[in-house]
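I have placed the structure first, in the form of structure tokens, so that the comments after it can refer back to it.
Below, all heavy atoms of this structure are taken into account, side chains as well, without hydrogens, waters or symmetry copies.
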Amino acid sequence: MTTGNTPIDLDTTSDEDAYELDRKQVAAILYAVDVEDREKLTELMEPLHAADIADLLEQINPFDRSRLIRLYDREFDGEILSELDESVREEVIAVLKPDVLAEAVRELESDDVVDLVEDLEEPQQEAILDALEDADRIAVEQALAYPENSAGRLMQREVVMAPEHWTVGQAIDFMRDSDDLPEQFYHLILVDPRLHPIGYVTLGKLMGTKREVPLSEIAEEEFQTIPVDQDEEDVAYAFNQYHLISAPVTDDDGRLVGVITIDDAMAVLDEEHEEDILRLAGVAEESSLSDSVADTSKRRLPWLGVNLFTAICASLVISQFEDSISQLVSLAILMPIVASMGGNAGTQSLTVAVRALATRDLTSSNMWRVIRREVMVGVLNGLCFALVLGTIGLMWFGSPMLGVVIGSALVVNMIIAGFAGTVVPIVLDKLGVDPALASGTFVTTTTDVMGFFIFLGLATVVLL
């Protein structure tokens, strides 16, 4: 992997280790920090990409992180701040000298600055805003005035646009003479006299077309605009659905106010996927490996409390069959299997359903087909494992009917798991509750309670 012509020394000994920082290089960097060798530290850090430096800062302890930043000092790049995890970013900003922070922030595009400051405390926000030139500060403050998680927060204000009547030659001359083009852009946006975007031209087509050709003749056929107040999840979905590279953002009057590029849209998708995974596990979406023990414990405690409550509910069901269990001890040995298998099957269906809801593949039109499919999967898998478990029950305890009971209970619970794992997230989504956050608790409670009830109830009726 390279940045420009400079190689990045990464450990690529295996596919799993690809793009990880070389351990020897990290050790050398920390040694340079220990001996306060600024020149050696700069030499070691210079080849690294900003994302790799951010990874390094996240992985080392706060004491070493502070010493490294102070020693690295004026070499600190604004892109590093953009790549840092939010849990570490505030700490790094607090350590940076004001003039170093100012220089680093000035290098960033407006959307990166907005992303940087929106989650900071007010004193740190002011420190960064004060570092900007007046025009850049106004642009950032205008973006911050838009609703959180909206396209207005996501867009960059730096836009390359041209009148619709221009030719290719005029556009190329304009861009060559301009001193403030964005560092990265993909389209030249065509606008009418009222600054309404009416199309765009890719840079590749622009450079490959003769100068006298009007821009309107080479404009892309597929053209999407994004309302400034649209939710960023919808923006990311549009980019993914329509294979967009960039899209102009318009205000309430349809005027061009900014542009969103694919890297920002994909960052939103990554955040949403990460958020869903953490929520499925009952972990706060802000959780990070850099969090303290106290913060991590505080965030996980509520959901562990919910799990304790659901476990008590399952225990109450078991207590209703105390006499049956005391007469047939094998029930106590086998009943966790039914609940466990149902819980795992429910989680599988739940994960598929939550992901499909997030990508909008699961809709009202195909909802019942998906539910039927998951129920039938539960039937087939339940029958397969019922044969296995029934045989084990027969061989282990010498009771054919015990094998029949546990096999039957497993089939029913697997069906319930497939149904609940699909229906629960759909219902929660309809009610406006995040299905990734709350579904897991409802599904596992359902499979645990029903698994115990069905198995112990059948056993009581058939065996006793």
Side-chain angles (χ1 to χ4, degrees), residues 50 77-83 101-118 125 128-146 149-164 166 170-192 194-207 215 219-220 223-230 232 235-236 238-239 244-251 253-268:
D77 192 314
E79 291 294 333
I80 300 171
L81 292 174
S82 296
E83 298 287 350
L101 176 62
E103 186 63 31
V105 171
R106 289 193 192 106
E107 300 171 2
L108 298 174
E109 302 285 0
S110 60
D111 59 324
D112 292 325
V113 179
V114 171
D115 181 59
L116 193 64
V117 303
E118 63 181 350
Q125 282 190 354
I128 290 178
L129 292 174
D130 289 343
L132 300 173
E133 295 179 1
D134 291 343
D136 293 332
R137 174 168 182 148
I138 291 172
V140 171
E141 288 178 335
Q142 287 176 341
L144 290 172
Y146 292 114
N149 300 324
S150 68
R153 291 282 188 99
L154 196 61
M155 71 181 182
Q156 66 180 53
R157 307 283 294 194
E158 298 83 5
V159 181
V160 185
M161 56 184 171
E164 57 182 318
W166 271 13
Q170 287 176 298
I172 291 175
D173 292 341
F174 163 74
M175 289 190 289
R176 285 176 177 169
D177 294 337
S178 179
D179 295 327
D180 58 353
L181 289 178
E183 187 174 328
Q184 288 186 344
F185 65 101
Y186 310 99
H187 290 108
L188 178 67
I189 301 174
L190 306 184
V191 295
D192 66 15
R194 299 181 62 191
L195 288 184
H196 293 156
I198 58 174
Y200 50 42
V201 178
T202 63
L203 294 185
K205 188 169 287 188
L206 184 72
M207 300 306 295
L215 292 174
E220 293 291 297
F223 178 64
Q224 297 279 338
T225 59
I226 305 291
V228 72
D229 57 354
Q230 189 169 79
E232 63 178 21
V235 173
F239 268 74
L244 303 178
I245 300 175
S246 70
V249 181
T250 57
D251 63 13
D253 295 322
R255 291 191 299 266
L256 180 66
V257 292
V259 65
I260 294 174
T261 53
I262 190 170
D263 56 323
D264 294 316
M266 292 306 100
V268 172

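Under the 3.5 Å distance criterion, the side-chain polar atoms of R255 are left unmatched by any main-chain donor or acceptor of R194. Side chain of H187 to backbone of V160: no donor-acceptor contact under 3.5 angstrom is found.
The CD atom of Q170 lies 8.0 Å from the CG atom of L215; values are rounded to the nearest 0.5 Å. Summarising the geometry, atom OG1 belonging to T225 is positioned 9.0 Å from atom CD belonging to Q230; distances are rounded to the nearest 0.5 Å. Summarising the geometry, atom CG belonging to L256 is positioned 12.5 Å from atom OH belonging to Y200; distances are rounded to the nearest 0.5 Å. We find the CD-OG distance between Q156 and S246 to be 9.0 Å, quoted to the nearest 0.5 Å. Atom CG of residue L154 and atom OG1 of residue T261 lie 8.0 Å apart, to the nearest 0.5 angstrom. Between atom CG of residue D251 and atom CG of residue D229 there is a gap of 10.0 Å, rounded to the nearest 0.5 Å.
Two residues are said to be in side-chain contact when any heavy atoms from C-beta on lie closer than 4.5 Å; S82 and D115 fail this criterion. Here the side chains of N149 and R153 are not in contact, with every heavy-atom distance at 4.5 Å or above. Residues F185 and L203 have side chains in contact (heavy-atom distance under 4.5 Å, counting atoms from C-beta outward). Counting heavy atoms from C-beta on, the side chains of V259 and M155 never come closer than 4.5 Å. Under the 4.5 Å side-chain criterion, counting only non-hydrogen atoms from C-beta, M161 is in contact with L195. Looking at heavy atoms from C-beta onward, I260 lies in side-chain contact with F239 at the 4.5 angstrom threshold. You'll find the side chain of L206 reaches within 4.5 Å of the side chain of M175, heavy atoms only. Within the 4.5 Å cutoff, the side chain of V140 has heavy atoms near those of the L132 side chain.
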Review point. Run the side-chain contact (heavy atoms from CB on, under 4.5 Å) check on D192 and E164 step by step: do they pass?
Key: CA-CA 6 Å; D192 66 15; E164 57 182 318; 3.7 Å; yes
Review point. What do the steps show when you test V159 against I189 for side-chain contact (heavy atoms from CB on, under 4.5 Å), and what is the final call?
Key: CA-CA 8 Å; V159 181; I189 301 174; 3.7 Å; yes
Review point. Checking side-chain contact (heavy atoms from CB on, under 4.5 Å) for the pair L81/L101: CA distance, chi angles, key distance, verdict?
Key: CA-CA 10 Å; L81 292 174; L101 176 62; 4.0 Å; yes
Review point. Under the side-chain contact (heavy atoms from CB on, under 4.5 Å) criterion, do L144 and V114 qualify, and how do the steps go?
Key: CA-CA 7 Å; L144 290 172; V114 171; 4.0 Å; yes
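Counting heavy atoms of neighbouring residues, nucleotides and ligands inside a 6.0 Å radius, atom CG of D134 does not exceed 12 of them.
For the pair A143 and G152, the tightest heavy-atom approach, listed with the atom from each and the gap, is CB-O, 3.7 Å. Between V249 and P227, the shortest heavy-atom distance links the atoms CG1-C, 4.2 Å. Considering all non-hydrogen atoms of both residues, E232 and V268 come closest at O-CG1, 3.7 Å.
Ion pairing between a basic and an acidic side chain is recognised when a charged N comes within 4.0 Å of a carboxylate O; D130 and R137 show such pairing.
By the side-chain hydrogen bond (donor to acceptor under 3.5 Å, both in side chains) test, E79 pairs with no residue at all, sequence neighbours left out.
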